[in-house]
Amino acid sequence: MTQDTLKMPEPSIILGLESSCDETAAALVRRLDDGNVEVLSERIASQDDKHEAFGGVVPEIAARAHVERMDGLVKEVMDEAKVSWNEIGGVAATSGPGLIGGVLVGLMTGKAISLAQDIPFMAVNHLEGHALSPRLTGKIEFPYLLLLVSGGHCQFLLVKNLGEYERLGSTIDDAPGEAFDKTAKLMGLGFPGGPAVERWSEKGDKNAVDLPRPLLKKKDTLDMSFAGLKTAVRRAVELEPINDQRKADICASFQLAVADILAKRSEQAMRLYKERLGSEVCQFVVAGGVAANKSLRARLEISAAQEGFTFASPPMKWCTDNAAMIALVGLEKFERRQFDDLDVNARARWPLDSAAASASPAYGGGRRGAKA
Ligand code: KG4
Ligand code: ZN
């Protein structure tokens with residue numbers, strides 16, 4: 001089925017669906033006359049309680065939970081915004097990268113709505129959602145330098161326009177969010193680990209535990225590494241009997257190590273950005289779940305000021321996984337008539353800059369191609 005002939009009412013409300021990891025989410029957005037985007041309603045159903053016992057996301061449990069919640073969330077956002085089907089011009093769903101069982105739930109729901117309501121369908125790259133999420137606030141124009149830092153990803157991207165991304169560097173192994181989650185799991189602090197580690201850090205001494213900053217001595221790259229840091233945290237946990245103060249110290253020291261790595265590499269990335277794009281528009285944007293970390297944000301804000309960049313980060317609710325960012329990408333694609341056919345597949349791996357990812361599959365590379 002080709003989507004070119006479908007009806008396209010203007011201006012239109014776009015429905016966005018997200019289910020690539022452990023948040024089931026739906027949102028409605030529309031473009032306002034002043035060019036800004038309005039989020040009419042949004043719902044996020046967290047699955048934290050379902051995964052907590054395992055200290056990480058269990059794909060099969062996640063997929064089942066998405067199935068149970070997705071259609072109910074669509075009804076809830078429509079009811080809240082008092083929007084009927086004939087006011088919705090298009091539907092967008094995350095089609096990857098992510099846990100394939102979960103991705104399929106949102107994707108199939110989106111396709112079914114497209115077919116039943118005879119409206120265009122937009123397949124959205126989850127990473128593109130994070131990359132454009134700061135634009136939900138209405139203040140960020142292209143181009144900008146993005147640090148995307150989440151549970152599955154860590155990369156610097158030149159964001160030039162919708163669909164135009166250049167990866168400058170990325171983690172060569174684990175993502176920082178994963179390291180936060182593992183740190184919390186090792187000490188039984190709860191799931192998701194990021195907010196727990198952040199809370200415990202407040203009572204800790206950030207200089208108490210000597211932890212490595214892997215790869216940071218290498219100055220000719222923007223790549224990063226967090227696997228060695230994770231191992232060092234495990235050793236620190238096992239080294240001596242653990243009490244609450246030691247837990248807090250490890251958390252604070254770990255958080256500082258992550259901030260050091262990200263801040264140093266961000267400063268380098270900003271310098272490279274200026275070499276590439278000049279210093280006329282210098283915006284540094286941080287997005288993704290780990291960007292919710294307050295001390296990290298504060299640290300990166302200092303780095304940005306030092307390099308002559310403005311700093312922006314979406315509000316917390318749009319840093320972690322959400323459907324407003326997916327609906328936004330859907331809206332931007334819709335306005336450019338970039339519709340997808342209904343035979344589009346779910347993709348576990350889907351790098352934003354495929355050229356860079358193929359040349360150097362720094363993270364998640366493998367037989368099935370680069371993930372990020
Ligand atoms: O973007 P996101 O919701 O999902 C992915 O696409 O990965 O990010 C989730 C990650 C988790 O690893 C979580 O522990 C981390 O973001 N995170 C945080 C904080 N809030 C969430 N990490 C550090 N500090 C936080 N406050
Ligand atoms: Zn995400």
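In each ligand, atom 1 is the first atom listed, and ligand 1 is the first ligand listed.
- Proximity of His126 to ligand 1 is established by a heavy-atom distance of less than 4.0 Å.
- In terms of protein heavy atoms, atom 2 (P) of ligand 1 is closest to Asp321 OD1, 3.4 Å.
- The aromatic ring centroids of Phe309 and Tyr273 lie less than 6.0 Å from each other.
- Nearest protein heavy-atom neighbour of atom 9 (C) of ligand 1: Gly151 N, 3.8 Å.
- Residue-to-ligand polar distances place Gly152 within reach of ligand 1: an N/O pair is separated by less than 3.5 Å.
- Between Leu162 and Glu128, the closest side-chain pair of non-hydrogen atoms falls below 4.5 Å.
- Here the protein heavy atom with the shortest distance to atom 24 (N) of ligand 1 is Asn293 ND2, 3.0 Å.
- Between Phe254 and Phe180, the distance from one ring center to the other falls under 6.0 angstrom.
- Side-chain contact check for Thr310 and Gln283: no donor-acceptor pair (N or O, by modelled atom type) lies under 3.5 Å.
- For atom 15 (C) of ligand 1, the nearest non-hydrogen atom from the set Asn322, Val258, Leu296, Val290 belongs to Val290.
- Stacking of Arg135 on the aromatic ring of Phe142 is recorded, both the 6.0 Å distance cut-off and the 45° axial limit being met.
- Counting protein heavy atoms only, atom 26 (N) of ligand 1 is closest to Glu198 OE1, 2.7 Å.
- Taking 2.8 Å as the threshold, Cys21 does not count as a candidate ligand of the Zn ion (ligand 2), since none of its N, O or S atoms lies below it.
- For His130, the N, O or S atom with the smallest separation from the Zn ion (ligand 2) is NE2.
- Asp321 and His130 share a donor-acceptor pair across their side chains, judged by distance under 3.5 Å alone.
- Neither the backbone nor the side chain of His153 has a heavy atom within less than 4.0 Å of ligand 1.
- If you check the side chains of Gln306 and Ser303, you find no donor sitting under 3.5 Å from an acceptor.
- The atom name of the N/O/S atom in Asp321 closest to the Zn ion (ligand 2) is OD1.
- In this model, a donor atom of one side chain and an acceptor atom of the other lie less than 3.5 Å apart for Gln268 and Arg265.
- Looking only at atom types and distance, the side chain of Trp200 has no donor-acceptor partner in the side chain of Gln255 under 3.5 Å away.
- Among all protein heavy atoms, the one lying closest to atom 14 (O) of ligand 1 is Asp181 OD1, 2.7 Å.
- Applying the salt bridge (Lys or Arg N to Asp or Glu O under 4.0 Å) test between Arg43 and each of Glu18, Glu76, Glu23 identifies Glu76 as the sole match.
- Checked by atom type, the side-chain pair Ser225/Asp223 shows no donor-acceptor distance below 3.5 Å.
- Looking at ligand 1, you'll find an N or O of Ser150 within less than 3.5 Å of one of its N or O atoms.
- Backbone or side-chain N, O or S atoms of His126 reach the Zn ion (ligand 2) at under 2.8 Å.
- Protein heavy atom closest to atom 18 (C) of ligand 1, with residue, atom name and distance, is Gly194 CA, 3.4 Å.
- In this structure, the protein non-hydrogen atom closest to atom 21 (C) of ligand 1 is Gly289 O, 3.4 Å.
- In terms of N/O distances under 3.5 Å, ligand 1 is not approached by Gly288.
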